[in-house]
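Presented below is the structure to which this report refers.
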Amino acid sequence: MTTSVAPRSPERSGDARSGAGRPQTGADGSPSAPVRRARKGTDVRTRVEIAVLAGPATIMFVGFVILPVALAAYYGFYKWQGYGTPTDFVGLQNYAVIFTDPDFRGVLWHNLFIVVGSLLVQGPVAIILALLLNQRIRGRGLIRVLIFLPYVISEVIVGTGWSLMLQSSGAVNDLLQAVGLGALRADWLSNPDIAIWTLLAIISWKYIGFAVILFLAGLQSIPEELFEAAQLDGASYWQMQRRITLPLLGPTVRIWAFLSIIGSLQLFDLVYIIWGQYIAATAGTSTMATYMVSNGRLSGNYGYGNAVAVVIFLISLVVALVYQRFVLRRDTAGALTEKGDR
């Protein structure tokens with residue numbers, strides 16, 4: 001008697017082969033131990049990669065941003081001369097002096113004037129220049145370089161050059177006299193009625209190139225098809241700029257305005273170089289940063305200077321948070337929504 005062996009079903013053999021590549025699961029459908037170990041190994045490797053790549057930047061940020069802010073907040077509670085361990089604890093006395101000092105309120109108004117003036121002067125002029133340089137004109141590349149050049153020049157060079165030209169016997173007054181406009185000669189740096197406007201003009205000259213470059217980059221991202229469709233509908237040039245260019249350039253303008261506001265609140269170098277530590281106060285161009293240096297380091301009261309630094313940091317932080325909450329909210333919300341939809 002012979003015994004026959006039934007052939008193995010192709011379906012069953014196929015299931016066995018295909019089952020070899022399937023993830024192993026337990027009776028309740030959860031991943032088995034080997035799968036969990038593999039996932040755990042992948043998570044550990046990912047965390048190690050993130051730590052290696054982000055670790056140096058995190059260390060630099062903590063060492064040069066977080067730690068100095070924390071130390072400034074600590075020293076701000078002491079009357080400290082800058083050396084040794086601070087022992088003369090004064091609590092909130094330094095902060096009380098700051099907010100009751102009329103000189104600090106004055107420099108705060110100077111900063112606010114620079115903030116508003118920079119937005120009103122640099123913004124419209126930079127948009128006009130960007131629209132002009134976005135056209136195909138001869139020498140466009142050279143003009144872009146010349147406009148952007150002041151931004152990359154060192155503040156020391158800019159401050160020294162303008163301080164020499166704007167002196168009473170400087171090049172600006174001599175030029176006005178030579179062209180028959182001697183009546184316009186003025187004491188551009190020492191007259192309190194003029195000095196703050198001089199500072200605004202120098203700041204606008206130096207930083208307007210940065211705004212132009214940003215706006216040109218924003219203009220390059222606007223599709224040409226929109227303008228072609230608008231031309232077919234009979235829209236004029238200014239109608240296209242108002243209805244297409246400015247709305248689509250809005251996110252770039254808002255980012256530039258944010259950078260300009262924060263930079264104006266922390267303005268120090270140009271004022272200190274052009275007007276110095278004493279003339280700035282009498283000329284009406286001192287800022288919160290120059291006030292901090294004059295009443296802190298130069299007066300030997302480092303504790304008070306650290307308290308002023310904390311106040312400047314808090315003002316900048318509040319302005320940044322409020323601006324992000326009410327102005328940049330639409331831009332950030334759109335970016336997060338698009339990221340979540342992918």
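Annotation for N173 and S168: closest pair ND2-O, 3.0 Å, computed over non-hydrogen atoms. Minimum heavy-atom separation, W188 to L166: CD1-O, 3.7 Å. The shortest heavy-atom contact between L200 and S118 is CD1-N, 3.7 Å. Of all non-hydrogen atoms in Y302 and R297, the two that sit nearest each other are OH-CG, 3.2 Å. Contact detail for V121 and S204: the closest heavy-atom pair is CG1-OG, 3.7 Å. In plain terms, the two heavy atoms of V158 and I202 that are nearest each other are CG1-CG2, 4.3 Å.
Within the hydrophobic cluster formed by Ile, Leu, Val, Met, Phe, Trp and Tyr side chains joined at under 4.5 Å, directly or through other members, I59 stands alone, with no partner residue. Counting side-chain heavy-atom gaps under 4.5 Å among Ile, Leu, Val, Met, Phe, Trp and Tyr, the cluster of L142 also holds L146.
The aromatic ring centroids of W256 and Y207 lie 6.0 Å or more from each other. Taking the six-membered ring for Trp, W205 and W162 have ring centres closer than 6.0 Å. The ring of Y291 has its center closer than 6.0 angstrom to the ring center of F104.
Of the possible donor and acceptor atoms, none in the side chain of S299 sits under 3.5 Å from a partner among the backbone N and O of N301. Between the side chain of K206 and the main chain of I153, a donor-acceptor pair closer than 3.5 Å is present. The main-chain N or O of G305 is never found under 3.5 Å from a side-chain atom of N295 such that the two would form a donor-acceptor pair. A distance-only check finds no donor-acceptor pair linking the side chain of D233 to the backbone of A235 [under 3.5 Å]. Formation of a donor-acceptor pair under 3.5 Å by the W275 side chain with backbone atoms of L189 is found in this model. In this structure, T100 contributes its side chain and V97 its backbone to a donor-acceptor pair below 3.5 Å.
Contact check for F148 versus V212: no side-chain heavy atoms found under the 4.5 Å cut-off. T287 is not listed as a side-chain neighbour of L108, based on a closest heavy-atom distance of 4.5 Å or more. Under the 4.5 Å side-chain criterion, counting only non-hydrogen atoms from C-beta, L131 is in contact with T245. With a 4.5 Å cut-off on side-chain heavy atoms, S163 and I273 do not count as touching. In this structure, R254 and L328 have side chains that are in contact, with non-hydrogen atoms separated by less than 4.5 Å. At a threshold of 4.5 Å between non-hydrogen side-chain atoms, the residues R140 and I137 count as touching. Side chains of Y151 and I208 form no contact here, defined as non-hydrogen atoms less than 4.5 Å apart. Using a 4.5 Å heavy-atom threshold, the side chains of F215 and V253 count as touching.
Y272 contributes atom OH, which lies 9.5 Å from atom OG1 of T290 (distance to the nearest 0.5 angstrom). To the nearest 0.5 Å, atoms CG (L219) and CG (N134) are separated by 4.5 Å. In this structure, the separation between CG on L216 and CD1 on I127 is 11.5 Å, given to the nearest 0.5 Å. One finds the CG atom of L249 at 13.0 Å from the CD1 atom of I244 (value rounded to the nearest 0.5 Å). From I203, atom CD1 reaches atom CD of E155 across 10.5 Å, with rounding to the nearest 0.5 Å. Put simply, CD on Q81 and CG on D88 are 9.5 Å apart, with the number rounded to the nearest 0.5 Å.
Residues I213 and V152 share a hydrophobic cluster, clusters being chains of Ile/Leu/Val/Met/Phe/Trp/Tyr side chains in contact below 4.5 Å. When hydrophobic clusters are built by joining Ile, Leu, Val, Met, Phe, Trp and Tyr residues whose side-chain heavy atoms come closer than 4.5 Å, directly or via intermediates, I196 is not grouped with V116. The hydrophobic clustering, which links ILVMFWY residues whose side-chain heavy atoms are closer than 4.5 Å, places L321 and V319 together.
Of the residues V318, V311, L317, the one that meets the side-chain contact (heavy atoms from CB on, under 4.5 Å) test with I315 is V311.
Between Y323 and F258, the ring planes are tilted. Angles from 30° to 60° get that label.
For V69, the side-chain contact (heavy atoms from CB on, under 4.5 Å) partners two or more places apart in sequence, or in a different chain, are F313.
In this structure, a donor-acceptor pair under 3.5 Å is absent between the side chains of Q239 and Y237. Looking at Q266 and N111, their side chains never bring a donor and an acceptor atom within 3.5 Å of each other.
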Steps toward side chain to side chain contact (heavy atoms under 4.5 Å, CB included) verdict (Q93, K79): CA-CA 9 Å; Q93 179 180 349; K79 186 178 181 181; over 6 Å; no

Steps toward side chain to side chain contact (heavy atoms under 4.5 Å, CB included) verdict (L164, Q167): CA-CA 6 Å; L164 293 175; Q167 291 179 359; 3.9 Å; yes

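No more than 12 heavy atoms of other residues, nucleotides or ligands lie within 6.0 Å of CZ in R243, so this atom counts as exposed by the packing criterion.
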